[in-house]
Amino acid sequence: MDQRSTRDAAEIPAVEVVGAPLWDAFDPAAYVDANYSRLHVDDASIMRICGDFFRRHFERHDALSARAGIDVGSGPNLYPALMLLPWCAEITLLDLSPANIAWLERHTGGYPESWDAFWDVLNTAGPYREITDPRGSLGASARVEHGDLFLLPEGRWGIGTMFFTAESMTDSPDVFRDGVRRFVESLLPGAPFAAAFMAGSRGYRVGGHFFPSCSVDERAVAASLAPYAADDLTITRLHDGHALREGYLGMILACGRRRDDTR
Ligand SMILES: C[S@@+](CC[C@H](N)C(=O)[O-])C[C@H]1O[C@@H](n2cnc3c(N)ncnc32)[C@H](O)[C@@H]1O
């Protein structure tokens, strides 16, 4: 598989899992059309909660450690990376699907107007308000990486997001839990993170293809994070009553910090 020009080969190993015809079939245009062509209430709520969480975290902690951030399983969704902008000189957008990588490379350099509504949610308070050119900032900081979250190095990033990925790539609870662990362990001890999950999903369709999900609830999300997260982990359940995807029961948002066993 091709290695992206933006990849730092020393940091993320080459993709070894070639058995992913499933992700080759992911249609980013259909996914954006179904999920992000307009701003939904749940996504706006998530952005507000995450923006507040990151702001409060960095009021108390040194922001220098968060110069490098990561969004895991970015797919064609830019808002997690937008949430990271104030604290990162460099944001890795990692995905396994070649089609999503192509979409991300095309759109991080200058995203379409439909994403302005998402930025506007964040842009109501500092430090987001201090960013006058979010398109330019995202273009300057984004590093689109074709890679596998199960091959991420440990303890590399100072802030992280993972949205609708660990539960939306498998129907196996073990693989889900391992994905959550790999995400949190890729962060530095003490680093803040936000992770979002579809609740109660048994799978979803993108374009003509069906993708598996692991059905999770708040308890499963909390249990998957608890061994690796500090004790102040918060779990929020959201549902605006508008089911974006067939057969899911709402969204779950987890905000926390990687446990720091060195202290
Ligand atoms: C349901 S989509 C979520 C996309 C986006 N984060 C969002 O918020 O809508 C799941 C994404 O996970 C990616 N993915 C699946 N397995 C992965 C893996 N092992 N490593 C990295 N990305 C993966 C897929 O390519 C897809 O883009």
Side-chain angles (χ1 to χ4, degrees), residues 1 4 7 12-40 42-44 46-47 50 70-84 91-105 107-108 114-115 118 144-153 157 160-172 174-183 185-186 193-199 201-207 209-214 216 238 244-248 251-254:
M1 283 190 185
R4 298 285 135 190
R7 162 192 287 284
I12 302 178
V15 173
E16 290 170 2
V17 185
V18 184
L22 188 68
W23 298 114
D24 287 354
F26 198 96
D27 179 344
Y31 187 77
V32 170
D33 197 45
N35 296 293
Y36 302 121
S37 54
R38 68 179 180 86
L39 175 67
H40 290 279
D42 282 344
D43 293 304
I46 285 175
M47 279 188 283
C50 291
I70 185 166
D71 178 45
V72 172
S74 302
N77 181 7
L78 296 180
Y79 84 69
L82 292 174
M83 294 186 326
L84 299 178
I91 302 171
T92 297
L93 292 97
L94 181 92
D95 204 277
L96 191 57
S97 153
N100 287 342
I101 289 296
W103 187 97
L104 286 165
E105 293 201 320
H107 291 90
T108 48
S114 55
W115 293 94
F118 292 80
V144 177
E145 303 269 4
H146 183 212
D148 184 347
L149 87 91
F150 294 101
L151 300 175
L152 284 174
W157 287 276
T161 49
M162 180 173 70
F163 274 45
F164 313 120
T165 294
E167 85 296 1
S168 295
M169 63 179 179
T170 178
D171 57 9
S172 158
D174 287 344
V175 176
F176 158 72
R177 283 190 290 267
D178 200 31
V180 169
R181 176 175 73 82
R182 298 291 183 138
F183 163 61
E185 286 186 347
S186 75
F193 64 81
F197 306 86
M198 287 294 170
S201 173
R202 301 263 173 210
Y204 57 102
R205 241 170 253 287
V206 180
H209 295 269
F210 184 79
F211 292 85
S213 271
C214 175
V216 296
L238 303 107
L244 285 178
R245 297 180 187 161
E246 63 204 64
Y248 88 100
M251 299 179 185
I252 300 167
L253 176 66

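Numbering of ligands and ligand atoms starts at 1, following listing order.
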Audit row: M47, L39, side-chain contact (heavy atoms from CB on, under 4.5 Å) steps and yes/no: CA-CA 11 Å; M47 279 188 283; L39 175 67; 3.7 Å; yes

Are L149 and M169 close enough, and set up right, to give a side-chain contact (heavy atoms from CB on, under 4.5 Å), and what steps lead you there? CA-CA 11 Å; L149 87 91; M169 63 179 179; 3.9 Å; yes

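At least one side-chain heavy atom of V180 sits under 4.5 Å from a side-chain heavy atom of F197.
Atom numbering of ligand 1 starts at 1 in the shown order; those under 4.0 Å from a heavy atom of S97 are 25 (O). Within ligand 1, the atoms closer than 4.0 Å to a non-hydrogen atom of M169 are 15 (C), 16 (N), numbered from 1 in the order shown. Close approach of ligand 1 to G75 (heavy-atom distance below 4.0 Å) involves ligand atoms 4 (C), 27 (O). Ligand 1 places these atoms under 4.0 Å from at least one heavy atom of Y31: 1 (C), 2 (S), 3 (C), 4 (C), 7 (C), 9 (O). Contact atoms of ligand 1 toward G147: 20 (N), 21 (C) (distance under 4.0 Å to a heavy atom of the residue).
Geometrically, ligand 1 and F26 share no nitrogen or oxygen pair separated by less than 3.5 Å. At least one N or O atom of F163, backbone or side chain, sits closer than 3.5 Å to an N or O atom of ligand 1. Polar contact with ligand 1: present for L149 (N/O pair, distance under 3.5 Å). At under 3.5 Å, not a single nitrogen or oxygen of Y204, backbone or side chain, sits near a nitrogen or oxygen of ligand 1. Taking any N or O of S168, backbone or side chain, none lies under 3.5 Å from an N or O belonging to ligand 1.
Within the 4.0 Å heavy-atom criterion, both parts of F164, backbone and side chain, lie near ligand 1. Looking at S74 against ligand 1, only its backbone comes within 4.0 Å, counting heavy atoms.
In this structure, F118 and Y79 have parallel ring planes: the angle between them is below the 30° cut-off, well short of the 60° mark.
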